[in-house]
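One structure is given below, encoded as structure tokens.
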Amino acid sequence: MKPSLSLLNSNMPSGSASLIWFRKGLRIHDNPALEYASRASAFMYPLFVIDPHYMEPDPNAFSPGSTRAGISRIRFLLESLEDLDLSLKKLGSRLLVLKGEPSEVLIRCLKEWDVKKLCFEYDTDPYYQALDNKIKNYASLAGIEVFSPVSHTLFNPADIIEKNGGRPPLSYQSFLTLAGEPSWASSPLLVELSSVPPVGDVASFEISQVPTLKELGYVQNGQEELTPFRGGESEALRRLRESLSDKEWVANFEKPKGDPSAYIKPATTVLSPYLKFGCLSSRYFYQCLKDVYKNVKRHTSPPVSLVGQLLWREFFYTVAFGTPNFDKMNGNRICKQIPWNDDDELLAAWREGRTGYPWIDAIMVQLRKWGWMHHLARHCVACFLTRGDLFLHWEKGRDVFERLLIDSDWAINNGNWLWLSCSSFFYQYNRIYSPTSFGKKYDPNGNYIRLFLPILKDMPKEYIYEPWTAPLSVQNKAKCIIGRDYPKPVVSHDSASKECRRKMGEAYALNKKLNGVVSEDDLKSLRRRLDEDGGQEARGRRQRQKLIS
DNA sequence: AATACGTTGGCCCG
DNA sequence: CGGGCCAACGTATT
């Protein structure tokens with residue numbers, strides 16, 4: 001369908017079509033790419049590409065979902081797309097959903113729809129850096145204008161890195177000093193779009209509606225519990241208003257003071273999944289928080305305040321963007337080289353919530369069912385897996401989180417695993433979270449454990465954090481025999497954490513000695529030495545134990 | 001070279 | 001529940 005001449009004016013060249021390519025940024029408010037695409041175009045094609053690599057069911061994965069994403073996050077994404085489609089329809093448009101390898105689909109669309117202007121939000125993740133370069137190269141050869149604004153984050157990570165002489169800052173404080181106020185903050189953001197151009201002729205394309213889980217091939221048996229958090233911009237804005245309505249709460253927010261065991265009403269905003277998919281603009285959130293701060297006497301500050309939380313996100317985006325191999329230990333210049341153990345049995349016990357430590361296991365069950373846990377709960381299980389107890393590789397834990405979290409974000413997830421494993425940013429490896437007493441101080445009755453581990457629901461509170469210490473009569477009465485109905489601890493925290501401290505000390509010393517340049521062989525020989533010493537020490541302990549008894 | 005400081009540890013004390 | 005101690009790291013600043 002060609003536009004009739006009467007519709008045209010000087011800003012609207014004949015038949016000019018733009019394409020807004022949605023990936024993250026699944027929103028109408030504060031969406032510069034959408035706004036630009038809708039300006040001076042006769043037609044606008046709003047496109048989302050369903051990438052089979054991300055969306056197709058993988059029956060071999062360790063949890064329901066695709067190869068890359070658990071089913072909760074896939075559903076969250078589909079809900080977000082549904083909501084976006086609805087919002088576009090209210091503006092007289094709609095979301096076009098196509099399936100296939102994104103660059104192939106996109107290039108075909110650009111050709112067949114004769115697109116003159118391609119708009120998509122700039123993305124710093126390595127996956128999109130590679131994909132977007134491919135698309136930009138094609139567009140420049142084809143003479144298509146590309147508009148790719150920075151709007152997922154408050155700052156452009158490249159700017160901060162440049163300000164710091166080409167390297168990203170490695171501490172939060174130095175990041176704050178460099179960052180200052182965001183450049184856009186002086187004027188209000190565009191949060192309302194009144195109308196957008198109509199969708200043009202879609203030619204030979206089979207456009208589908210936003211698919212359901214079932215249509216994607218997911219078989220739901222009704223057994224698995226999916227996340228209670230609904231996706232989409234509308235829900236994001238509703239949650240935002242709800243959080244902002246309590247001005248005192250916003251003003252006094254201090255992250256470390258939240259209760260990780262709160263599950264009826266989480267101690268934080270739970271806006272992270274909406275920021276991850278861009279259902280909520282981080283810039284709009286920032287603007288709203290500043291407005292609240294203006295109207296109260298005093299408020300908390302970074303790093304603990306709510307604005308501080310947004311800046312943590314920026315910090316990790318910046319370091320991740322400026323650090324080659326950020327998601328690996330090997331070849332990552334800011335990552336300590338540590339001889340982590342490799343033990344699939346222990347890894348599976350952690351992943352599946354059967355370490356025998358109820359606090360740890362309940363958190364892992366919440367991860368699997370809800371795709372979300374409180375920040376401090378994440379700390380506990382990450383510390384337990386790596387430097388605290390099991391001494392397993394942070395990359396393995398990262399993979400589990402990346403798959404199961406509905407808010408998993410490449411930069412933030414990797415950054416936090418580097419942090420918690422004392423591989424980067426944070427180095428006080430003596431500070432280890434106790435898998436028993438940490439949870440107890442927030443939730444002495446163990447309600448959180450009882451909810452996510454119902455097998456322990458009748459265990460008296462005296463034993464619920466350490467059920468293996470309960471007398472058999474108590475276990476019988478609680479209908480939960482340790483070792484049969486619920487596992488015994490896979491390690492003893494006292495000795496395991498001591499071992500971890502020792503190994504971390506040795507590994508740090510080696511990194512220092514070799515100035516951070518640690519080879520595979522260096523790690524191998526350190527691992528051998530640690531195991532020998534550890535073996536000797538353990539044998540010595542058993543010997544002494546014998547002599548005592 | 002010396003110093004301050006770091007989003008949120010555990011434990012014991014009063 | 002706040003304070004002091006434990007044992008102690010690296011980064012950034014001076």
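Keep in mind that what you see is a predicted model, and the values were worked out from it rather than measured. Below, chain A is the first sequence line, B the second, and so on; all start at residue 1.
Between the CG atom of Asn416(A) and the P atom of dT7(B) there is a distance of 12 Å, given to the nearest Å. Note: CZ (Arg387(A)) to P (dG10(B)) measures 10 Å, nearest angstrom. Here the C1' atom of nucleotide dG6(B) and the CG atom of Leu420(A) are 15 Å apart, to the nearest Å. In this structure, CZ of Phe438(A) is placed 12 Å from P of dC11(B), rounded to the nearest angstrom. Between the CZ atom of Phe175(A) and the C1' atom of dT7(B) there is a distance of 14 Å, given to the nearest Å. The interatomic distance linking Lys441(A) (NZ) with dG9(B) (C1') rounds to 7 Å, in whole Å. Between the C1' atom of dG9(B) and the CZ atom of Phe384(A) lies a distance of 16 Å, rounded to the nearest Å. In this structure, CG of Leu306(A) is placed 13 Å from C1' of dT7(B), rounded to the nearest angstrom.
Taking atom C1' on both dA8(C) and dC5(B), the two are 13 Å apart, rounded to the nearest angstrom. Nucleotides dA7(C) and dT7(B) place their P atoms 24 Å apart, quoted to the nearest Å.
Between Glu242(A) and Arg239(A) there is no salt bridge, since no side-chain N of the basic residue sits under 4.0 Å from a carboxylate O of the acidic one. A salt bridge does not link Lys503(A) to Glu506(A): none of the charged nitrogens lies less than 4.0 Å from a carboxylate oxygen. Between Lys396(A) and Asp399(A), none of the side-chain N atoms (NZ, or NE/NH1/NH2) sits under 4.0 Å from a carboxylate O, so this pair counts as no salt bridge.
Ring pair Tyr293(A)/His299(A) is parallel by interplanar angle, where below 30° counts as parallel and above 60° as perpendicular. Ring geometry for Tyr429(A) versus Tyr508(A): interplanar angle over 60°, hence perpendicular rather than tilted (30 to 60°).
With Asp407(A) as reference, Arg378(A) is the one residue of Arg73(A), Arg313(A), Arg378(A), Lys276(A) to meet the salt bridge (charged side-chain N to carboxylate O under 4.0 Å, His left out) rule.
Nucleic acid contact for Phe425(A): none, since no nucleic acid atom lies under 4.0 Å from a heavy atom of the residue. Contacts of Lys440(A) with the nucleic acid, taken as non-hydrogen atoms under 4.0 Å apart, are absent.
Between Tyr172(A) and Pro303(A), the shortest heavy-atom distance links the atoms CE2-CB, 3.4 Å. When all heavy atoms of Ile482(A) and Pro467(A) are compared, the closest pair comes out as CG1-O, 3.5 Å.
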For DNA chain B, the dot-bracket notation using Watson-Crick and G-U wobble pairs below 3.5 Å, [ ] for pseudoknot-type crossings and | for other-strand pairs, is ||||||..||||||
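Residue ring and nucleobase are not stacked for Tyr172(A) and dT7(B) under a centre distance beneath 5.5 angstrom and an angle between planes beneath 30°.
Qualifying salt bridge (Lys or Arg N to Asp or Glu O under 4.0 Å) partners for Arg27(A), counting only residues two or more places apart in sequence or in other chains: Glu121(A).
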Nucleotides 7-14 of chain C: protein proximity per nucleotide (B base, S sugar-phosphate only, - neither; heavy atom, under 4.0 Å): -SBSSS--
